[in-house]
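Taking it in order: structure first as structure tokens, then the write-up.
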Amino acid sequence: MLADYHIHTKMCGHAEGEMEQYVEQAKVAGLSELGFSDHIPMYFLPPAERVPGVAMAEEDLAAYVKKVVELQEENYPYPIKLGIEADFSPMHQKQLTDLLTAHPFDYVIGSIHFIDGWGFDNPEFLDEWANRSVEVVYDQYFALLEQAAASGHFDILAHADLVKKFGFRPQKDITYIFDKLAKVVADAGMCVEVNTAGLRVPVKEIYPAPEFLKACLKYKVPVTLGSDAHHPDLVAKDFVQALELLKNVGYHEIAVFKQRKRGVLSL
Ligand code: ZN
Ligand code: FE
Ligand code: FE
Ligand code: ZN
């Protein structure tokens with residue numbers, strides 16, 4: 001019983017394929033559930049500074065919701081869920097609340113893709129890594145993730161070690177950072193996702209690291225599964241490896257959501 005809860009659509013401007021194609025592919029992949037989680041509008045920037053092609057435009061959010069709700073009403077043999085991948089920005093939490101409460105989301109995935117305005121996981125801004133200390137970037141990234149987890153806005157923490165995407169690693173052992181974050185996530189009653197997109201980027205590793213998942217299991221943090229598909233062919237991509245990872249760590253179930261209430265599927 002598997003659910004893919006991290007799916008993008010072409011509304012964000014950098015994914016391909018119609019929603020129906022993703023839904024069709026869920027059947028091919030034998031999924032029990034599919035959840036859309038497109039990028040929330042860049043609410044943390046003034047409209048003039050929002051970059052097209054990074055996230056959906058604010059005026060498209062209602063259309064995105066409507067389209068997923070229409071698919072939900074078509075009664076596919078597997079549930080379709082309305083999710084959203086929302087960036088956390090400490091200074092713009094009111095704007096985030098307004099967007100999240102305006103729509104009937106089944107779940108909200110919280111992400112960090114920016115460190116003081118720098119899109120550290122965007123290949124376009126890869127050069128900026130050379131101007132920064134990897135140690136400091138890691139500290140900033142995990143401090144933001146902790147804040148996001150403690151903020152109460154989110155059900156699921158996205159790709160919890162996305163900062164490793166291009167293979168930059170700090171010298172120090174970060175096990176203590178993982179332990180601290182897992183505790184915050186547990187106290188917030190959130191899940192973490194196992195996201196296979198990391199296998200398709202330079203680091204070639206699932207997000208998050210097994211060490212972080214072990215800390216999550218210790219604090220009884222539930223997990224969700226996501227491909228982070230930006231193309232219909234990527235629905236449930238590499239879930240065999242994700243399952244192997246989960247079983248090795250000791251997880252036997254995954255979480256699912258309906259109207260922001262958590263349920264479980266046995267693996
Ligand atoms: Zn994307
Ligand atoms: Fe993301
Ligand atoms: Fe994503
Ligand atoms: Zn993502």
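Order of listing sets the numbers, starting from 1, for every ligand and every atom in it. All values below were derived from every heavy atom in this structure, side-chain atoms included, with hydrogens, water molecules and symmetry-related copies excluded.
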message = For a distance under 2.8 Å, tell me if Cys12 has an N/O/S atom near the Zn ion (ligand 1).
response = no
task = Mind telling me whether Phe154 and Phe88 have parallel, tilted or perpendicular rings, with 30° and 60° as the class edges?
result = perpendicular
task = Salt-bridge test for Lys183 and Glu146: reply yes if a basic N is under 4.0 Å from a carboxylate O, no otherwise.
result = no
ask   = What atom name does the N, O or S atom of His39 nearest to the Zn ion (ligand 1) carry?
value = NE2
ask   = Below 2.8 Å, any N, O or S contact between His8 and the Zn ion (ligand 1)?
value = no
ask   = Is Glu24 salt-bridged to Lys27, cutoff N-O under 4.0 Å?
value = yes
key: Atom name, His230 (N, O or S, nearest to the Zn ion (ligand 1))   = NE2
key: Presence of N, O or S from His8 under 2.8 Å of the Fe ion (ligand 3)   = yes
query = Nearest to the Fe ion (ligand 3), which N, O or S atom of Asp228 do we find?
reply = OD1
ask   = Do any of the N, O or S atoms of His6 sit under 2.8 Å from the Fe ion (ligand 2)?
value = no
request  = Before accepting this row, confirm whether a basic side-chain N of the pair Lys218/Asp179 lies closer than 4.0 Å to the acidic partner's carboxylate O.
outcome  = yes
message = With no hydrogens and no angle check, just 3.5 Å: does a side-chain donor-acceptor pair link His39 and His113?
response = no
ask   = Do you know which N/O/S atom name in Glu85 is closest to the Fe ion (ligand 2)?
value = OE2
ask   = Is the Tyr5 to Tyr107 ring centre distance short of 6.0 Å?
value = yes
ask   = Is His159 close enough to the Fe ion (ligand 2) to have an N, O or S atom under 2.8 Å?
value = yes
key: Arg132/Asp116 salt bridge by N-O under 4.0 Å criterion   = yes
